[in-house]
2 protein chains.
Amino acid sequence: MEVRTVDTRERILDAGERLFMAHGYEGTSMRQITGEAGVNLAAVNYHFGSKESLMQEVFRRRLDWLNEERMRVLDELEAEAAGQPVKPSAIVDAFFGTLLRMAGDENRGGMTFLRLLGRTLTEPSEFIRAFLAHEYQAVMDRYKEALFKALPEVPKAEIVWRFHFMLGATSYAIAGTDALRLVTDWQIEAEDSTDRLDRLVPRLMSFLLGGLRAPLPQF
Amino acid sequence: MEVRTVDTRERILDAGERLFMAHGYEGTSMRQITGEAGVNLAAVNYHFGSKESLMQEVFRRRLDWLNEERMRVLDELEAEAAGQPVKPSAIVDAFFGTLLRMAGDENRGGMTFLRLLGRTLTEPSEFIRAFLAHEYQAVMDRYKEALFKALPEVPKAEIVWRFHFMLGATSYAIAGTDALRLVTDWQIEAEDSTDRLDRLVPRLMSFLLGGLRAPLPQF
DNA sequence: TTATGATTCATACGTTCGTTTTAATCATAA
DNA sequence: TTATGATTAAAACGAACGTATGAATCATAA
């Protein structure tokens, strides 16, 4: 009784994750999901209640671990620092590096979930935004505070804005749509895909830290 | 005969722009659009042929001017430089500043179009991505070349990636969803909305330039 | 072995979707 | 004024949508 159930649930979650990533929430139908999962159409409503609840569960399955891990790493950093502020680069790596390193872990969704998350941060549906805001709230508050302490000379409003920009750069990078076809053929040939992913992390980290530590704008 | 036509077309485009921005392409129905525009349901198919074509026209109406302006400004900069490379900050401002300054121009879509564009860069629908790629191709090639010349010591692949990151930070910033509720109440009260917009441009510019000029990552 | 609750299945419900059709209405030129 | 082509209008199309129903099937405990 237990085996089949878990199996069906997981198959639905996997299919939903991939299809929501590929076609968006509104652009994915229940019939596509159950078709790809190889389960009956009614299984989604039986196991999850509704399409909206399924979407939330797709995220919860990955985000619970991610945000706990982010909390844990920041705990560690602050314990090591022993009262001193944590280095900005360590905070940025704890938040964004922890996220990006999920890409290599297929058991935690890998690139598929990362791309889904990146796209969903600009998703219009209200219920998704509300859900993500709730799911993230504690983590965002902790990391904002850590950055405030790490950069005491920078106005808090500026830090929040730059956190915002870092989120945007990251989510677009992991969404990986490249809507404007910036990455041309010669670059795709120059590096294979695992290379590109391995190099994305340090590349993005350099960019984020450069932006975070840039001179303040003059108004 | 001419007056009513243009009127109807524009009303549909305006409604489509706003609703696609608010609910996404798949999340917006023809009946919502024609309802808000105050026109008959069949008017969209009569004037534009299909929902997809309407979406493309919504973008073309704004992007044609934007990308021509971007070309024109870069022409000017290169003429002034007289063979010398153009400063990176000037290139970044020509590309992203020109975009952001549309926000204040209601005749060119204002914030509504900007937010639509920001969201659409991570939109999943294939036809939108293909359309945007085509619409942007010439501009992207010109700006990439300009950045290559402006930063001869930086590997081209790095420049392309950082262009990518800048696009992401910008599109997320203008999408303005703030899905993770980063900007809390005390910050909203501290600045009124026109203030926030006026300050967004220099803030984002500082961030982008800091990222663009950051030290190269060590692999 | 039988009873029980969990799960799967085929099927249908009512709604909404984008699009099409055909007729009415409009503005303009002859 | 009338003829003509452009535009608007009302209505309907078949398809696809998310969800609900009730029977069949399954695994397990008594």
Side-chain angles (χ1 to χ4, degrees), chain A residues 1-59 61 116 120 123-128 130-131, chain B residues 1-59 61 116 120 123-128 130-131:
Chain A
M1 145 206 151
E2 189 66 358
V3 177
R4 287 280 279 166
T5 297
V6 169
D7 210 49
T8 299
R9 279 181 59 96
E10 294 270 303
R11 292 168 66 85
I12 292 172
L13 288 169
D14 289 344
E17 185 172 73
R18 204 195 67 77
L19 287 166
F20 289 145
M21 178 274 286
H23 308 116
Y25 175 76
E26 307 274 3
T28 302
S29 73
M30 306 278 274
R31 286 165 178 82
Q32 284 178 273
I33 295 170
T34 54
E36 177 156 323
V39 302
N40 188 271
L41 169 61
V44 172
N45 287 285
Y46 176 77
H47 286 284
F48 299 97
S50 68
K51 187 185 177 187
E52 286 200 2
S53 300
L54 168 61
M55 179 70 159
Q56 291 182 7
E57 199 54 38
V58 165
F59 277 95
R61 175 168 72 146
L116 171 62
T120 307
E123 269 272 333
S125 301
E126 178 50 37
F127 87 92
I128 300 177
F131 171 77
Chain B
M1 145 206 152
E2 190 67 359
V3 177
R4 287 280 278 167
T5 297
V6 169
D7 211 48
T8 298
R9 278 181 59 96
E10 294 270 304
R11 292 168 66 85
I12 293 173
L13 288 170
D14 289 344
E17 185 171 73
R18 204 195 67 76
L19 287 166
F20 288 145
M21 177 275 285
H23 308 117
Y25 175 75
E26 307 274 4
T28 302
S29 72
M30 306 278 274
R31 285 165 179 83
Q32 284 178 272
I33 294 171
T34 53
E36 177 156 321
V39 303
N40 188 273
L41 169 62
V44 172
N45 287 285
Y46 176 77
H47 285 284
F48 299 97
S50 67
K51 187 184 176 187
E52 286 200 2
S53 300
L54 168 62
M55 180 70 160
Q56 292 182 6
E57 199 54 38
V58 165
F59 277 95
R61 176 168 73 145
L116 171 62
T120 307
E123 268 272 332
S125 300
E126 178 49 38
F127 88 92
I128 300 178
F131 171 77

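The model shown is predicted, which means the values in this text are computed figures rather than measured ones. Proteins come first, then strands; the chains are lettered A, B, ... in the order of their sequence lines, and each starts at number 1.
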Round to a whole Å and report the spacing from [atom1] of [X] to [atom2] of [N].
X: A:Asp7; N: D:dA27; atom1: CG; atom2: C1'; result: 15 Å
X: B:Glu26; N: C:dT16; atom1: CD; atom2: P; result: 18 Å
X: A:Glu10; N: C:dT7; atom1: CD; atom2: C1'; result: 17 Å
X: A:Arg9; N: C:dT8; atom1: CZ; atom2: P; result: 11 Å
X: B:Gln32; N: C:dC17; atom1: CD; atom2: P; result: 7 Å
X: B:Ile33; N: C:dT19; atom1: CD1; atom2: C1'; result: 14 Å
X: B:Asn40; N: C:dT21; atom1: CG; atom2: P; result: 16 Å
X: A:Leu19; N: D:dC17; atom1: CG; atom2: P; result: 12 Å

With the side chain of [X] defined as its heavy atoms from C-beta on, choose the nearest nucleotide among [options].
X: A:Tyr46; options: C:dA6, D:dA6, C:dT20; answer: C:dA6
X: B:Lys51; options: C:dG18, D:dA10, C:dT7; answer: C:dG18
X: A:Asn45; options: D:dT19, D:dT8, D:dC17; answer: D:dT19
X: B:Leu41; options: D:dA12, C:dA12, D:dA10; answer: D:dA12
X: B:Met30; options: D:dA6, C:dT19, C:dT8; answer: C:dT19

query: Phosphate oxygens OP1/OP2 of C:dT8: is one of them under 4.0 Å from a side-chain N or O of A:Thr8?
result: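 Answer yes for this pair, as a side-chain N or O of A:Thr8 is under 4.0 Å from OP1 or OP2.
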
message: Measuring to OP1 and OP2 of D:dA6, would you say a side-chain N or O of B:His47 lies under 4.0 angstrom away?
response: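 So the side chain of B:His47 is outside the cut-off, no N or O lying under 4.0 Å from OP1 or OP2 of D:dA6.
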
message: Please classify the nucleic acid contact of A:Ala42 as base, sugar-phosphate, or nothing, using heavy-atom distances under 4.0 Å.
response: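 Base, at least one base atom sits under 4.0 Å.
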
- prompt: Checking all strands, does B:Thr28 fall into the base, sugar-phosphate, or nothing category for heavy-atom contacts under 4.0 angstrom?
  reply: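 Here B:Thr28 touches the backbone only, sparing every base.
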
Quick one: pull up [atom1] in [X] and [atom2] in [Y] and give me the separation to the nearest 0.5 Å.
X: A:Phe131; Y: A:Glu123; atom1: CZ; atom2: CD; result: 13.5 Å
X: A:Ile12; Y: A:Ile33; atom1: CD1; atom2: CD1; result: 8.5 Å
X: B:Leu13; Y: B:Phe20; atom1: CG; atom2: CZ; result: 10.0 Å
X: A:Met55; Y: A:Phe48; atom1: CE; atom2: CZ; result: 13.5 Å

N-O pairing of B:Glu17 and B:Arg61 below 4.0 Å: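 Judged by the 4.0 Å cut-off on N to carboxylate O distance, B:Glu17 and B:Arg61 do form a salt bridge.
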
message: With a 3.5 Å limit on both atom pairs, tell me what D:dA29 is paired to, counting Watson-Crick and G-U wobble, or say none.
response: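 Matched D:dA29 with C:dT2 under the 3.5 Å cut-off.
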
query: Is there a Watson-Crick or G-U wobble partner for C:dT7 with both distances under 3.5 Å, and if so, which one is it?
result: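 Partner of C:dT7: D:dA24.
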
Given DNA chain C, 5'-ward residue of the pair B:Ser29 and A:Val39, judged by closest heavy atom: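 Here A:Val39 is the residue nearer the 5' end.
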
